[in-house]
Amino acid sequence: MSETFTSVSQEEAGFRDRARLSFDLDADICVIGAGLAGLSIALEAARLGASVAVLEGRHIGWNASGNQLGTVMPGFALPLTDLIERIGFEDARELWTLSKEGAEFVRANVTEENMPGIARSDGVLEVSNVDAGDRLISRLQMLNEDFDTEVEGWQADRVRDVLKTDRYFHGVYYPKAFQVDGRKYVHGLAALARRAGARIFEDTPVVSIDHSGIRKRIVTPTARLRASHIVLAGNIHLGAPLRRLSETLLPVWRYAGITAPLGERLHEIIAFKGSVMDSDGVDHFRIVDGDRLMWESPETTWAARPQRFAGAVRRRIRTIFPELGNVEITEMFGGATGQTVHGMPQIGQLRKGLWVASGFGRQGMNTSAMAGQMIARSILWGDERWKLFSPFELVWAGGATGRVAGQLVGIWGRASSAAAGALARYRERARVKDREREARLAEANRAAGTGPRRPPDGVRPRPAPPQKPAIEAAEPVAHDDRVSQ
């Protein structure tokens, strides 16, 4: 189990008031993992009246859940067209509705009353690295008409009005999507779960699980716990007792940096107030703290210190926004996400009383919230909508070979995105040069008097004399059968 190095402060990580499970305990539901998914399940189940215990081997939000940009919008990592092709239109629409409900779950929680300083702001812009106007129109129609999602299509000129770069073309604007302080949200979620009655135990790794029988048994280093239901929400860090489940996920470490204050020049170059992400999944950024830029870009399939990637983030920012110059990166953070082979989260019941909620890499905060609602309601109300995820079975991610392949695929994907973007920008420049050349030629013709002239004011143009048909003006020719018709 690899360590992920983060820059979360000790106070944020909860070192001051961490409680370990040191006594035997009975609960209705035991949740393993205190990340976004596990805490969402605990909060919803506790609100519905269940007794809930959360076991976390380290501390709340220590990994990717506490180190993300905080963007909340509907959808999944799997493109919508692929989702429809995989499971059909009606089921895809039902899943999309669930993802919207997950986003609303987050929205309801992130009030200043519930989470002071959460810093919610609205609007997410997804930009294209290539000129894809036709595809954009088709996608907008599908989202608006078939999936009841409020979106706006932005032409390249409008995108470039708010993002001073030639790297981006068209965009899709989600006015009801939003972003929050991701680190504060995961700890605020834990506080809400505790307030609702859930008990959260940190520094309490799971040694073994016996999921047979009506009452499942969970063993920790210092105590035992019994529960009617166990929810595995630990992603790739479930450890030896659940290694087979962990091996269905490809671990991907994603890194982000925050710049030093950049002053007014930042708002002159980036006038968009919400989150921005490109359609290829390479860059994701937004302005924080007034005049600092938070930027997520590099990724690996092995653990590394985030500080190693400060130069890569700085170079990426300069590539996209050269007018910002060589910015200073004052803070780096990162975490490991578990990505599934099929690109959808793993949500459902493995066997009676044993549930899974994992595989949220690249899925967004809405899907972990959706999983929390769905699993809690499935356990306590008998809601069976989790079966919509049945087509996305657990698939082995390939182990060490899968990591190497995943890294190579990531490198290839970034390279192909860069190549497609460069080709699109070349074609755009070529079109501009053609228009400029035609304009210069027309101007030269007018100046030389060879172009079409306008008659003087008040003078009507003299009509041209009628011409005889060309066949009459031609010299008569002898008929010859060899002449083709």
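Here the structure is a predicted model, which is why all the values come from computation and not from measurement.
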Quick check: does any side chain N or O of [X] sit under 3.5 Å from a backbone N or O of [Y], one acting as donor and the other as acceptor?
X: T337; Y: V252; value: yes
X: R286; Y: L69; value: yes
X: R86; Y: P391; value: yes
X: D289; Y: R292; value: no
X: T330; Y: I258; value: yes
X: E296; Y: V313; value: no
X: R160; Y: Y168; value: yes

Taking C-beta and beyond as the side chain, do [X] and [Y] meet within less than 4.5 Å on heavy atoms?
X: I287; Y: H267; result: yes
X: V327; Y: R314; result: yes
X: P74; Y: T149; result: yes
X: E56; Y: I200; result: no
X: D148; Y: K100; result: yes
X: V162; Y: V276; result: no
X: Q373; Y: D383; result: no
X: R58; Y: E202; result: no

**Message:** Test side-chain contact (heavy atoms from CB on, under 4.5 Å) on M277 and M73; report intermediate values, then the result.
**Reply:** CA-CA 12 Å; M277 60 185 70; M73 59 186 296; 3.8 Å; yes
**Asked** Looking at the rings of F321 and F285, which for Trp means the six-membered one, are their centres under 6.0 Å apart?
**Response**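 That pair passes the under 6.0 Å test.
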**Request:** Give, for atom CG of L136 and atom CD of Q155, the distance between the pair rounded to the nearest 0.5 Å.
**Result:**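 Separation between the atoms: 7.0 Å.
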**Prompt:** Which value, rounded to the nearest 0.5 Å, describes the distance between S275 atom OG and D122 atom CG?
**Reply:**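 Between atom OG of S275 and atom CG of D122 there are 10.5 Å.
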**Item:** ring pair (Phe, Tyr, Trp, His ring centres under 6.0 Å) involving F309 - partner list, sequence neighbours excluded
**Value:**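 For F309, the residues satisfying ring pair (Phe, Tyr, Trp, His ring centres under 6.0 Å) (neighbours in sequence not counted) are Y255.
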**Request:** Carefully, step by step, assess S121 and Q179 under the rule side chain to side chain donor-acceptor pair (under 3.5 Å).
**Result:** CA-CA 6 Å; S121 60; Q179 45 277 320; 2.9 Å; yes
**Item:** Derivation and outcome, salt bridge (charged side-chain N to carboxylate O under 4.0 Å, His left out), residues R265 and E268
**Value:** CA-CA 5 Å; R265 65 178 177 137; E268 293 171 0; over 6 Å; no
Which donor-acceptor pairs under 3.5 Å do side chains of residues 101-109 form with protein atoms, sequence neighbours excluded?
from : atom 1 : to   : atom 2 : distance (Å)
E104 : OE1    : R107 : NE     : 3.3
E104 : OE2    : R107 : NE     : 3.3
R107 : NH2    : K176 : O      : 2.4
N109 : OD1    : R47  : NH2    : 3.2
N109 : ND2    : F105 : O      : 3.1

**Prompt:** Do S279 and E126 have side-chain N/O donor and acceptor atoms under 3.5 Å apart?
**Reply:**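 Checked: S279/E126 side chains show no N/O donor-acceptor pair below 3.5 Å.
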**Prompt:** Within a radius of less than 6.0 Å around CZ of R308, do more than 12 heavy atoms belonging to other residues, nucleotides or ligands occur?
**Reply:**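 No, not enclosed.
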**Prompt:** With a cut-off of 6.0 Å (strictly less than), are more than 12 heavy atoms of other residues, nucleotides or ligands near CD of E94?
**Reply:**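 Counting neighbours around CD of E94, more than 12 heavy atoms of other residues, nucleotides or ligands fall under 6.0 Å, so yes.
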**Request:** Take S358 and L232 through the side-chain contact (heavy atoms from CB on, under 4.5 Å) test and state the conclusion after the steps.
**Result:** CA-CA 8 Å; S358 67; L232 309 174; over 6 Å; no
